[in-house]
Every structure is written in structure tokens, then in C-alpha cells.
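As C-alpha cells, the structure follows; a few thoughts come after it.
No hydrogens, no waters, no symmetry mates; every other heavy atom, side chains included, goes into these values. Note on naming: letters A, B, ... go to the chains in the order of the sequence lines (proteins, then strands), and numbering restarts at 1 for each one.
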2 protein chains.
Amino acid sequence: MKRITIYDVAKEASVSLATVSRVINGSEVVREDTRMKVQEAIEKLGYKPNAIAQGLALQKTTTIAFVIPEASFFYTGQIINGLIDVAKIYNYNMVLHTTTEGISATSDIIETIIKSRVDGVVIFNDKLDKDEITTLTNYDVPIVVIGNRISDNNICSVYVDYETLIYDYATRYYDAGKKDIALIEDRKNPAMIEQLQHGLQRVYKDHGETFKNFVKIPKEYRSSYEYLKEYFKTNKHDLIVTYRDSQAMAVLNTAKELGIKIPEDMELVCVLDSKYNAMARPQISGFKIPDYDLGAVSMRIMTKMLQEGEKDGYNRETELSYVYTARETTK
Amino acid sequence: MKRITIYDVAKEASVSLATVSRVINGSEVVREDTRMKVQEAIEKLGYKPNAIAQGLALQKTTTIAFVIPEASFFYTGQIINGLIDVAKIYNYNMVLHTTTEGISATSDIIETIIKSRVDGVVIFNDKLDKDEITTLTNYDVPIVVIGNRISDNNICSVYVDYETLIYDYATRYYDAGKKDIALIEDRKNPAMIEQLQHGLQRVYKDHGETFKNFVKIPKEYRSSYEYLKEYFKTNKHDLIVTYRDSQAMAVLNTAKELGIKIPEDMELVCVLDSKYNAMARPQISGFKIPDYDLGAVSMRIMTKMLQEGEKDGYNRETELSYVYTARETTK
DNA sequence: GTGAAAGCGCTAACAT
DNA sequence: ATGTTAGCGCTTTCAC
């Protein structure tokens, strides 16, 4: 099947290809009757402009690259939805790249991204360090980073301040005399855990103490659950902080099995709230993180960065807020 | 910052652009010393071939479009991971499109896909009907459909046979005298539910009876949970079948609240297994659906479709199997 | 208001 | 083994 081109349309409508181009791009200077003629030819032939050729001629692709570690979690999906919805409104396409360990190094991905001449790139990545982002800076393509507070000439970021989140929350506990607060490690989200750690450290430091209850999951344990079953046999705290729902549920289950009453004996909060927290029994308290908005806002900022004129229409760093939902695992 | 092109490299290396092109594409006919010369020039200038221009010249984009309803569920993410991992191995890029209701009609998406001249499209969609897929057929781009058994000239499909899955499973219950089997509706996955319904209908038909226990969630209820709380006050069955984990958990919670013992009074199986099923108490039995493989296999088939020579190296329809995991909600 | 022609950056015959 | 040249499909001056 022959791909029909702008030439075919031009011939069909007995005009030059320049005129067809003008019609496609909604140029005002075309006379109404020729516009109709061209429009008809387009319909008749079922012509679809070749975005690749347009990209070449215009030196832009109207495409944004999105890089994520893996598309595994529910909230990653939500971020993607946010990004895509806004991208659509502004007629951008999205290409998706993932930094699966073993299968593709970040440098390879950057390579492909540069080659594909996208207009911008949005990065959501726990592991991507500043060096790698700096590499991207060299190609002077606009970048929006989701999750980490970072900014530069053509780098913006959209994030939630987990450090302050947990600082504020834990401080209330500390001040109420519940000073024994523990944080469960999450190997899959090291960057987030680090932020939480910093927040808790500040709480203790404020009172001249040191935060010590960082519960690491030893490598030999297949899951947090396996280890926690051991851990809680000999440990108990006033408040347990986890990052993901599945870890909170692991705490819930082990506690029940060991006869630790939640929230009476021990309280539990899951930073990253999810529908599963509400389905657990007792229902797990958590913070509603605006995952969809993280995506949507990022893309909106990207579109602004891409508009020459709007150079000052956006902030380099955008902090998104969260809402605490008290459920049954906290008093 | 001036984008440096193949011409710049040619000039730098004092060769023609054809030679540079040959080096880039690993042509064998280039003498070693000139290859080195060119390679050096490429390094020095930091040249990256423009994939857009390559696409134009080669009439192919090495890009696959992927269409999903929404990136919300965990398994959608897994499918994406499978797709991407394989896509990477074969050096394909992926563009992601979603059919968010309200924001973008499927026809618009098809429009953009066609314009972007992707080499193939993978579709995972409950709602996309055959008409829409047929529209794509007109543009003779290779298509792989995930989830539904469907095939045509340039359409392949990869799927799990939910009908047979539940038919086999429910038959065992029926034959054991547990004839009261109910299926919970899932508005978000109508196509899957339909398959399950067909399977159960066959079970009853085999015995000259009619399957009636399809539990619809009335529109006025915000969630399955809200309705099920009412439903189970006056209803009880031998076996409850749900599609997603969250619905199974809703059944679990309402049952517990109403004093219905699971699995003693009523058994429960969740077709689409997830880690949350294992975290629930009692743990929910389910089928391990190979979500990652659905993606991976689909992309593998796509690469085969794209290879001219390999016309017969793949099946039009590929059925993937599942593994049943008995846990605590079934006897 | 419309057409002719020069690119956009690259590949692939075809020459040499 | 390397260079020349004609596209790939489109946009955009610049003439008319």
C-alpha cells in the first residue's frame, strides 16, 4: 500500500504542495475555495501528514521522553497518567524509557533519547544520580525531574517534601512522649527512604538525641515480611513508619501473628497511601501523595519551558503537598 | 547550541558524508584507518545521528506504539515492563498512548499513531472494539492485541483464556456438589468479566442449568465494597469469583464484618492474583497471570512480524497459561 | 493568494 | 574503498 504524500494531495487538488502545507497548518492566507479543494483531496485520499518529515523540517518532534526506573508500582502508573493527559492537551507525544537494571544502562537510554531529538525529557528516578542528569544538561534539552528537588538552567523539578512531611508528623509523636519511632527500610525506594531518614534524624537532633531505629532488611531475607516476623519478636516501638503499602501490611500481619496490638501497643503509618491501605484491617493511616498531579504538573511545566516566550511563567522548583488520612493504625 | 550533523563530521574527518554514514551503520567496506579517522571526529564533535532524519530516509522509525486504557493497574505496569524489556533488546523505542475517557477518543489516538509512522502497534484494551482495530488494519501496520483472542492478516494476539480457566475451576466445584457459584462484576474490566461469565455459563449449561449469580454493582454505589456489604446480608454462595484483588479484599472484609466465615461458610477466589492477595488475611487464592510475559511475548511477536523474512516464524494467536495458587480462602 | 525551490539530516544506489 | 547524488515528506522563504 503506497503511503500517500503531500504531493499526491497537491496533484489531486491541482495546487502546489506549498498550498497543501498551508492548509494543513491552518495558515490564514489561503483563499476559502482552494482550501476547500485541498481539504476534499485530503479526505478523498485519506492523507495523513508524516510527523517524521514534519519533525525534520521543523527541527522539533513535539515529543517528550519519559524515563522511569520500572513501571511497576501503582503510583508510577498514576504519574504516567498525569503526564499523558496533559501531554495530550498540548498535543505532545510521549516516548517511554525504563532503566531496568541489567537490561539497559542509563547512559544508553540518554543516548537513544538524544538521538531521537525529543523536545524535552521528564525523569522520575530514584537511582539516577546528579551526574547522569548533568550529562543530559550538556545536550541542552529541557528537563523536568520528578521526585527530587533539583534545578538548573534548563532543569525544573516537581516533588513532595517527604523530609518535612515525616518531620512534622514524628515531632507530634515525640512531643507527646512517644519517642520510640522506627523507620522500615525499602530497598526499592532508597531515595525516598533517605528523605524520611533525614526527617526523623532532625526530630531527634532537635532534642539532642540521635535517631537509631532504622530497620534494615538483611539481604538474606526474601521479603520484609520474613524479616519483620523475626524483628518484632524482640522489638517494639511507639510508631512504625513505612514507605509503601505492602510493607505496612507486612507489619500489620506480623504484629497480629505475634500478638502485638495495633494501634494499642504500637502505631503504624504508611507514607505512601494507597487504596490497599483502606482495605487492610485495621485500616492503615497514610499520606495521600498527589501522584497523578506529580505527572500532570511536570508536563505542564515542560510545556511552559518549551514555549520560548514563557520563560518566566513557571517556577524552577515546585513542591506539591499531601494530605494525611488518619485511619485505624494510629491513635 | 548548534546541532552538529553528519556534514560536520565529514568535514572534520575530511571524508564524504557517505563514508560517515557507512561508519555509523557499521558497513564492512570501510578501510580501518578511515574508520578510525571518522570515529575520532565523531567523538570529538560529540555527534549523535539524528534518528528523525534516519527515519525519514529509511522509511521506518524503529518505534512501536503501545495503547492502553489507562496506566493504573499493577499488571498494566508489568505488561509495559515486559514490552519495554524486549523492545530494548531489539532496539525499538516505545511510544505510549492512553485512551483516557473524555480526554482523548480512540480515533484521535489512531490518528496520531498513523501520523507518527510507527513500525507497529501493540494494543491492550478492554474497551477498544473490533471496529477500531479494523480502522488500524486499513493502514496496514502490524498489530499485536493483548488480552483478546483475535487475528487477521497483520494482526496477532496474545492472551490468557479466562473462559477455560474459570470453566475448569468451577466445574470441579460443581462436581463436588458446591453448585452455588457467584461472579462479582468489575466495571473496569468488562471484557474479562464477560469471558468469566461465558465460562461459568458453560459449567451450568453442561448440567442443563443456567448461571444466574452474576452480582452487578449498581451504579449508585461508590465502590463494590459498599454494595457487597448490603448484598451479603441476604446472600451467600459456595464460591465467590472476583477478577481483581481489590474486589476479593472487599468480599473478605464484608464477610468478616457480617460474620460469614471464609472459607468455611463461603469460599473465595480472585482470578487475577497479586501480591496483595498473599498479604490479605486469610490469604486469597488466585491465578498467577503472566502479565510481564503478556508484554514480553507480544513485543517478541511484533519484532518477528517486522522481519520480512520471518513471515512464518510466529503464531497468529498465542495463548499464555496461568498457575493456580491455592491459599486460605478456598478449601 | 499561490508556486518554485531550498533546505531539514540521513541513506542508498550509482559512479569512480 | 570512497565520493556524488537523488530522494525520504514536509516547511518556509522568496518570487510572482
Phosphate OP1/OP2 of dT4(D) contacted by Ser16(B) side-chain N/O (<4.0 Å): no
More than 12 heavy atoms of other groups within 6.0 Å of Lys37(B) NZ: yes
Phosphate-side-chain proximity, Thr19(B) and dT2(D), N/O vs OP1/OP2 below 4.0 Å: no
Separation of dG7(D) C1' from Lys60(B) NZ (nearest whole Å): 17 Å
Backbone N/O of Arg22(A) and side chain of Ser27(A): donor-acceptor pair under 3.5 Å: no
Overall bend - the helix from dG1(C)-dC16(D) to dT16(C)-dA1(D), comparing terminal axes fitted on five pairs, nearest 10 degrees: 40°
Val118(B) vs Ile64(B) side-chain heavy atoms within contact, under 4.5 Å: no
Under 3.5 Å side-chain donor-acceptor pair for Lys88(A) and Thr112(B): no
Heavy-atom protein contacts under 4.0 Å, nucleotides 8-16 of chain C, coded B base, S sugar-phosphate only, - none: BBBSBB---
Flag for Arg300(B)-Tyr90(B): side-chain donor and acceptor within less than 3.5 Å: yes
Exercise: do Ser151(A) and Glu317(A) side chains pair donor with acceptor under 3.5 Å: yes
DNA chain C-proximal residues of residues 29-43 of chain B, any heavy atom under 4.0 Å: none
Phe124(B) and Phe66(B), any side-chain heavy atoms less than 4.5 Å apart: yes
Closest non-hydrogen atom pair between Leu17(B) and Ile6(B), with its separation: O-CD1, 3.7 Å
Note, Leu306(B) side chain near Tyr92(B) side chain (heavy atom, < 4.5 Å): yes
Residues Val67(B), Thr98(B); criterion side chain to side chain contact (heavy atoms under 4.5 Å, CB included); working and verdict: CA-CA 6 Å; Val67(B) 186; Thr98(B) 59; over 6 Å; no
